[in-house]
J.: 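Before I ask anything, here is the structure I am working with.
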Amino acid sequence: MALLVAATFSQASAQSIQIRDAFREMPDSLMPYLSKNNRLDFIDFIDSGMKAEVHNQLGGTSQMLSLGDDSLSIQMNSSLRVDMVALDSVVAVVETFMVDSIYGESRVHYYSATWQPIAQPVLTEAQQQRINRLKLQNIVKRDDDLLKKR
């Protein structure tokens, strides 16, 4: 009986990462642009209905664009956007690097709830499609913005 309770507790704690909690506890080394205070300010500003903008560690301005139950988006600067998505027991961090052209590049990093790197997470087809759409959406959005300026 004790083994069943322990297994159930372990399974429940391994599921359903809350993106707010993960973002709060994210090590500074994984997102050196933002201090823990910056991350907490983002959450407070969004919750208060304010523009979520902070002065980052490199002397620029970063803006949280959205904060949902399982995802968030931050425009770190004009060339870097970071999206985080909670996928059950995995946090996916999508970094999209943009330059002043129609090309961009996204990198995806996966972490456990305790921010340990995961090389090859087991994702469902729907989860993988969500990550792929996010990567493409960021590049297409940047392309649209550039074409409007021309």
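Reckoned from all heavy atoms, side chains included, excluding hydrogens, waters and symmetry mates. It should be emphasised that the depicted structure is a prediction, and the values quoted were computed from it without experimental measurement.
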J.: Looking only at non-hydrogen atoms, find the nearest pair between Ala86 and Ile19 and report the distance.
T.: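 Ala86 and Ile19 have their closest heavy atoms at N-CD1, 3.9 Å.
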J.: Flag yes if Leu30 and Phe97 sit in one hydrophobic cluster, no otherwise; membership is Ile, Leu, Val, Met, Phe, Trp, Tyr, and two members link when side-chain heavy atoms are under 4.5 Å apart.
T.: yes
J.: Can you give me the closest heavy-atom contact between Met31 and Phe23, atom names plus distance?
T.: SD-CE1, 4.2 Å
J.: Looking only at heavy atoms, what is the nearest atom pair of Ser112 and Ile118, with distance?
T.: N-CD1, 3.5 Å
J.: Look up atom CG in Asp69 and atom CZ in Arg20, then write down how far apart they are to the nearest 0.5 Å.
T.: 8.0 Å
J.: Consider only side-chain N and O atoms of Gln57 and Asn38, and report whether a donor and an acceptor are under 3.5 Å apart.
T.: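 Yes - a donor-acceptor pair under 3.5 Å links their side chains.
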J.: If you compare all heavy atoms of Ser35 against all heavy atoms of Asp28, which two are closest, and at what distance to 0.1 Å?
T.: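 In this case the closest contact between Ser35 and Asp28 is C-OD1, 3.9 Å.
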J.: I'd like to know whether Leu67 forms a side chain to side chain contact (heavy atoms under 4.5 Å, CB included) with Ile43, so could you lay out the CA-CA distance, the side-chain angles of the two residues, the decisive distance to 0.1 Å, and finally the verdict.
T.: CA-CA 8 Å; Leu67 175 62; Ile43 294 169; 4.2 Å; yes
J.: Is there a side chain to side chain contact (heavy atoms under 4.5 Å, CB included) between Ile46 and Asp44 once you walk through the steps?
T.: CA-CA 6 Å; Ile46 290 278; Asp44 290 344; over 6 Å; no
J.: Return the CZ to CZ distance between Arg24 and Phe42, rounded to the nearest 0.5 Å.
T.: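 Answer rounded to 0.5 Å: 14.0 Å.
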J.: Can you measure from OG (Ser106) to CG (Asp83) and round to the nearest 0.5 angstrom?
T.: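 Going from OG on Ser106 over to CG on Asp83, the span is 8.5 Å.
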J.: Inspect the contact between Glu95 and Arg81 and indicate whether a charged nitrogen and a carboxylate oxygen are less than 4.0 angstrom apart.
T.: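 Glu95 and Arg81: not salt-bridged.
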J.: Given the rule in the side chain to side chain contact (heavy atoms under 4.5 Å, CB included) test, do Glu105 and Thr96 qualify, once you have shown the distances and angles that lead to the verdict?
T.: CA-CA 6 Å; Glu105 180 180 327; Thr96 303; over 6 Å; no
J.: List the atom of Trp115, the atom of Met26, and the distance in Å for their closest heavy-atom pair.
T.: NE1-CA, 3.4 Å
J.: Answer yes or no: is there a donor N or O on one side and an acceptor on the other, between the side chain of Gln63 and the main chain of Leu65, under 3.5 Å?
T.: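 The answer is no, because no donor-acceptor pair under 3.5 Å joins these two groups.
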J.: For Asn56 and Thr61, what are the C-alpha separation, side-chain angles and deciding distance, and is it a side chain to side chain contact (heavy atoms under 4.5 Å, CB included)?
T.: CA-CA 6 Å; Asn56 60 46; Thr61 302; 5.6 Å; no
J.: Hey, what do you get for OG (Ser71) to CG (Leu87), rounding to the nearest 0.5 Å?
T.: 9.5 Å
J.: Between the side chains of Arg39 and Asp41, is the shortest nitrogen-to-carboxylate-oxygen separation below 4.0 Å, so that they form an ion pair?
T.: no
J.: Verify the cluster assignment for Met84 and Leu80: are they in a single hydrophobic cluster under the rule of side-chain heavy atoms below 4.5 Å apart?
T.: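 Yes; Leu80 is reachable from Met84 via cluster members.
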J.: How many angstroms lie between atom OG of Ser79 and atom CE of Met98, to the nearest 0.5 angstrom?
T.: 8.5 Å
J.: Got a donor-acceptor contact below 3.5 angstrom from the Ser48 side chain to the Met50 backbone?
T.: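 Looks like no, no N/O pair under 3.5 Å.
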J.: How close do Tyr110 and Gln128 get, heavy atom to heavy atom, and via which atoms?
T.: OH-OE1, 4.1 Å
J.: Please round to the nearest 0.5 Å and tell me the distance separating atom CG of Leu34 and atom CE of Met64.
T.: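 CE of Met64 is found 8.5 Å from CG of Leu34.
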